Amino acid sequence: MSEAPTGFRPGLEGVPATQSAISNIDGQQGILSYRGYRIEDLAAHSTFLETAYLLIWGELPSAEALREFQHDVQMHRRVSFRIRDMLKCFPSGGHPMDALQSSAASLGLFYSNRALDDENYIRGAVMRVLAKIPTMLAAFHMIRRGQDPIQPRDDLPYASNFLYMLTEREPDPLAARIFDACLVLHAEHTLNASTFSARVTASTLTDPYAVVASAVGTLAGPLHGGANEDVLLMLEEIGSEERVEAYLDEAIASKRKIMGFGHREYKVKDPRATILQGLAETLFSRFGHDRMYDVARRLETLAAEKLGPKGIYPNVDFYSGLVYRKLGIPTDLFTPVFALSRAAGWLAHWKEQLGANRIYRPTQIYTGLETRNWLPTEQRSGHNGEPTG
Ligand code: COA
């Protein structure tokens, strides 16, 4: 294989593409912080909405500011009947990430009075995205099952309300608290692929709904947000603790990646995986064990021996699927739930990008042919666009 041209870093690995004060990762120590606060503290003590406020405005809110923020988000939860009608037209077999991407983009049609230099506009857009994404996602889920969407309940906090709209049952307070902690854990993670997408889109000064929609599209891939679905499928495929070693050896020998392992930034276990593992254990002790957890534990132990020396350890997706399944969230909603939470980070990056904007326009190293003469079809000897030399 030829050497990569000088200066080119595939995947932009190690290339700073922005300055940001929103979150920070120490990949050697396994530390993640939002605005300087350790993720362990936020997951234990803050709610998702409080965390979203911190990410977007840079400080933890006062009690009054938090009350006002929660109230404003609550006021924006309902969606227009036109959006519900639009969701009814989506194919029921389509992936909810596609439904989410389309419905997020559609907000630009309903709220088109863009005013990016107006703080009130920014605040309003933040409210709408945080408030309406859960409603649209839950509505699509109900509609695809042939049921009417469940209206949000004003008396329920953010996480409880989402689980309620998904199941029509008010969730157990412990389950709701754990789900809220999951949202905190997924809310932001420096300049990952979807956040980079969000910033590139933001840099064109388009509307915030297009920013979120482009980020949702990027998050959907199996190398990014889609991995948590694949982890559960993988654990089911392994089936039992006894079969873990053979599966792992075969995967390593055939250079197949173990889903939920590895991270560009972390060379140790992702701190979010450690927290999620604790949350999973709390859930299982309260609501019943999941034997796939035993398979996951065995896989982690064996992988530590075989992949650990290369710096490959469980990432956030490894245990999140098990937690979501125990919470009653269908598998194909795992990644949309990730998006619902990461929307907080995307909005924070949107706002930060606007504060010091320059349109993204990187360069490339051209590897194609030099200028050629155009020939009419009857004189061309090549086909399918391949050069004929
Ligand atoms: N299982 C086995 N080996 C893995 C691995 C995994 N999950 N992740 C990385 N590796 C190995 C690669 O095979 C490669 O080995 P090599 O140098 O011998 O060829 C090396 O580690 C570097 O991998 P690479 O794919 O170049 O790393 P990356 O930084 O580009 O990719 C991820 C990072 C997250 C995309 C990658 O680890 C991955 O695909 N993980 C599985 C999907 C996943 O869980 N994604 C969620 C991320 S939060």
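Each ligand, and each atom within it, is numbered from 1 in the order the structure gives. Please read these numbers as outputs of a predicted model, since none were measured by experiment.
The heavy atom nearest to atom 3 (N) of ligand 1, considering only Ile312, Leu223, Val316, is found in Ile312. Considering each of Gly221, Gly262, Pro314, the one bringing a non-hydrogen atom nearest atom 37 (O) of ligand 1 is Gly262. The nearest non-hydrogen atom to atom 39 (O) of ligand 1, considering only Lys310, His263, Lys257, Met259, comes from Lys257.
Taking a distance limit of 4.0 Å, we find that atom 25 (O) of ligand 1 is approached by some protein heavy atom. The presence of a protein heavy atom under 4.0 Å from atom 45 (N) of ligand 1 is confirmed. Within the 4.0 Å cut-off (strictly below), no protein heavy atom is located near atom 22 (C) of ligand 1.
With respect to Arg291 and Glu241, no salt bridge is recorded, no charged nitrogen being found less than 4.0 Å from a carboxylate O. Ionic pairing of Arg325 and Glu236 is present here: one or more N-O contacts between side-chain nitrogen and carboxylate oxygen are shorter than 4.0 angstrom. A salt bridge is defined here as a Lys NZ or Arg NE, NH1 or NH2 lying under 4.0 Å from an Asp or Glu carboxylate O, and Asp332 with Arg144 meets this definition. A salt bridge is defined here as a Lys NZ or Arg NE, NH1 or NH2 lying under 4.0 Å from an Asp or Glu carboxylate O, and Arg153 with Glu170 meets this definition.
With rounding to the nearest 0.5 angstrom, the NZ atom of Lys306 is 5.5 Å from the CG atom of Leu248.
Close approach of ligand 1 to Ala227 (heavy-atom distance below 4.0 Å) involves ligand atoms 43 (C), 44 (O), 45 (N), 46 (C).
Ring geometry, Phe318 versus Phe261: the interplanar angle exceeds 60°, so the pair is classed perpendicular (tilted spans 30 to 60°).
The shortest N/O to N/O separation between Phe261 and ligand 1 falls below 3.5 Å. Between Asn315 and ligand 1, an N or O atom pair is found at a separation short of 3.5 Å.
At least one heavy atom of His224 sits closer than 4.0 Å to an atom of ligand 1. Under a 4.0 Å heavy-atom criterion, Gly260 is in contact with ligand 1.
Ranking the protein heavy atoms by distance from atom 19 (O) of ligand 1 puts Lys255 NZ, 4.6 Å first.
Proximity of a side-chain donor or acceptor of Glu188 to a complementary backbone N or O of Thr190 within less than 3.5 Å is detected.
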